[in-house]
Participant: 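Have a look at this one.
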Amino acid sequence: MSAHHPIPAADIAAAPSRRAMGSVLAAISLIAAPALLALGLALYTSPWLDSVPDYAAIDTGHAQMLLSTNLSLAAFPFLYGSAVAVAMVARRARWLAGSGLTCSFLGLTAMLVNGVVDLPLIMMAGIGDRTGFAELATKLDTQLPIVSYLFPLYLLGTILLAAALWRTRTVPRWSAVCIGAGGLFPLAIITGIGATALVVAAIRIAGAIPLVKTLLSK
């Protein structure tokens, strides 16, 4: 006969508390992720001139470039968290939510790698002897890790997560459409129009409000 070990009352009480904390963090991620990324992209100034450093831009815009980089990098923990949050709400569509979460993680990792590549160029500001920096920059631009080319998966992952929300009807369908539109952040990078990110963020945050209510009501 096996011995019965009752679950301590403290552990039973802590379980709902842990779930509530997870929901709060997920809700914060849904708002903080697009807000921080949009601000970072709106302030973005490229340190590149084709495939070589733009020394004039680096010297004159160093502070803004650094602020943009810090805001964008700070967004990534929340971006990963927001993908998990959407998958949590849409978990009844298991395959769509799981595939969307996987693609989102891969795409976000690629975006993170591409963002970090700018940092060495930004730190060239104020350095007198820049011998060899142009060659280093060319290598950074042309010899990136393979994972850096997977950034389109972020858009695919966001669309799959939005489709999971649409299918489960856990939130209004307009919310699912707005969440899907949030995958267009790379458009601001590709076009060089940083203000585009502010529009995308506004749509994404609007779509996230029903998800936040759902998470916090649990």
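Atoms considered below: every heavy atom in the structure, side chains included; atoms not considered: hydrogens, waters and symmetry mates.
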Participant: Could you go through residues 28-43 and list every donor-acceptor pair under 3.5 Å that involves a side-chain atom there, pairing it with any protein atom two or more places apart or in another chain?
Facilitator:
unit_1	atom_1	unit_2	atom_2	d
Ser29	OG	Leu25	O	3.0

Participant: Using side-chain hydrogen bond (donor to acceptor under 3.5 Å, both in side chains) as the criterion, list what pairs up with Asn70, not counting sequence neighbours.
Facilitator: none
Participant: If you link I, L, V, M, F, W and Y whenever their side-chain heavy atoms are under 4.5 Å apart, who else ends up in the same group as Val177?
Facilitator: Trp166
Participant: By the rule that ILVMFWY residues connect when side-chain heavy atoms come within less than 4.5 angstrom, directly or transitively, which residues belong alongside Leu150?
Facilitator: Leu96, Leu106, Val113, Val147, Leu153, Leu156, Leu160
Participant: Measure the shortest side-chain to side-chain distance between Ser82 and Arg204 over non-hydrogen atoms and say whether it is less than 4.5 angstrom.
Facilitator: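 Result yes, sub-4.5 Å side-chain heavy-atom pair found.
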Participant: Which other residues belong to the hydrophobic cluster containing Leu198, where Ile, Leu, Val, Met, Phe, Trp and Tyr are joined when side-chain heavy atoms lie under 4.5 Å apart, directly or via other members?
Facilitator: none
Participant: So Met123 and Leu66, do their side chains get closer than 4.5 Å, heavy atoms only?
Facilitator: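 When only atoms from C-beta onward are counted, Met123 and Leu66 do touch, with a gap below 4.5 Å.
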Participant: Under a single-linkage rule joining Ile, Leu, Val, Met, Phe, Trp and Tyr whose side-chain heavy atoms are separated by less than 4.5 Å, which residues share a cluster with Trp174?
Facilitator: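 Besides Trp174, the hydrophobic cluster comprises nothing; the residue is isolated.
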Participant: Tell me, which pairs form a ring-ring contact (aromatic ring centres under 6.0 Å, His included) where one or both residues lie in residues 191-210, sequence neighbours left out?
Facilitator: none
Participant: What about Ile190 and Leu49, same hydrophobic cluster or not, with Ile/Leu/Val/Met/Phe/Trp/Tyr joined at side-chain heavy-atom distances under 4.5 Å?
Facilitator: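 Cluster IDs for Ile190 and Leu49 differ.
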Participant: Using the side-chain hydrogen bond (donor to acceptor under 3.5 Å, both in side chains) criterion, which residues pair with Ser68? Sequence neighbours excluded.
Facilitator: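 Counting only residues at least two positions away or on another chain, Ser68 forms no side-chain hydrogen bond (donor to acceptor under 3.5 Å, both in side chains).
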Participant: With sequence neighbours left out, write down each residue that passes side-chain hydrogen bond (donor to acceptor under 3.5 Å, both in side chains) with Ser175, or none if nothing qualifies.
Facilitator: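 Not a single residue meets the side-chain hydrogen bond (donor to acceptor under 3.5 Å, both in side chains) criterion with Ser175.
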Participant: Once side-chain hydrogen bond (donor to acceptor under 3.5 Å, both in side chains) is applied, what residue pairs with a partner in residues 110-126 remain, sequence neighbours excluded?
Facilitator: Tyr44-Asp118, Trp48-Asp118
Participant: Kindly state each residue pair satisfying ring-ring contact (aromatic ring centres under 6.0 Å, His included) with at least one member in residues 69-125, sequence neighbours excluded.
Facilitator: Tyr80-Phe105
Participant: Could you tell me if the side chain of Leu211 sits less than 4.5 Å from the side chain of Ile179, heavy atoms only?
Facilitator: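 Sidechains of Leu211 and Ile179: in contact.
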Participant: Using side-chain hydrogen bond (donor to acceptor under 3.5 Å, both in side chains) as the criterion, list what pairs up with Thr170, not counting sequence neighbours.
Facilitator: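 Checked Thr170 against side-chain hydrogen bond (donor to acceptor under 3.5 Å, both in side chains); matches are Thr168.
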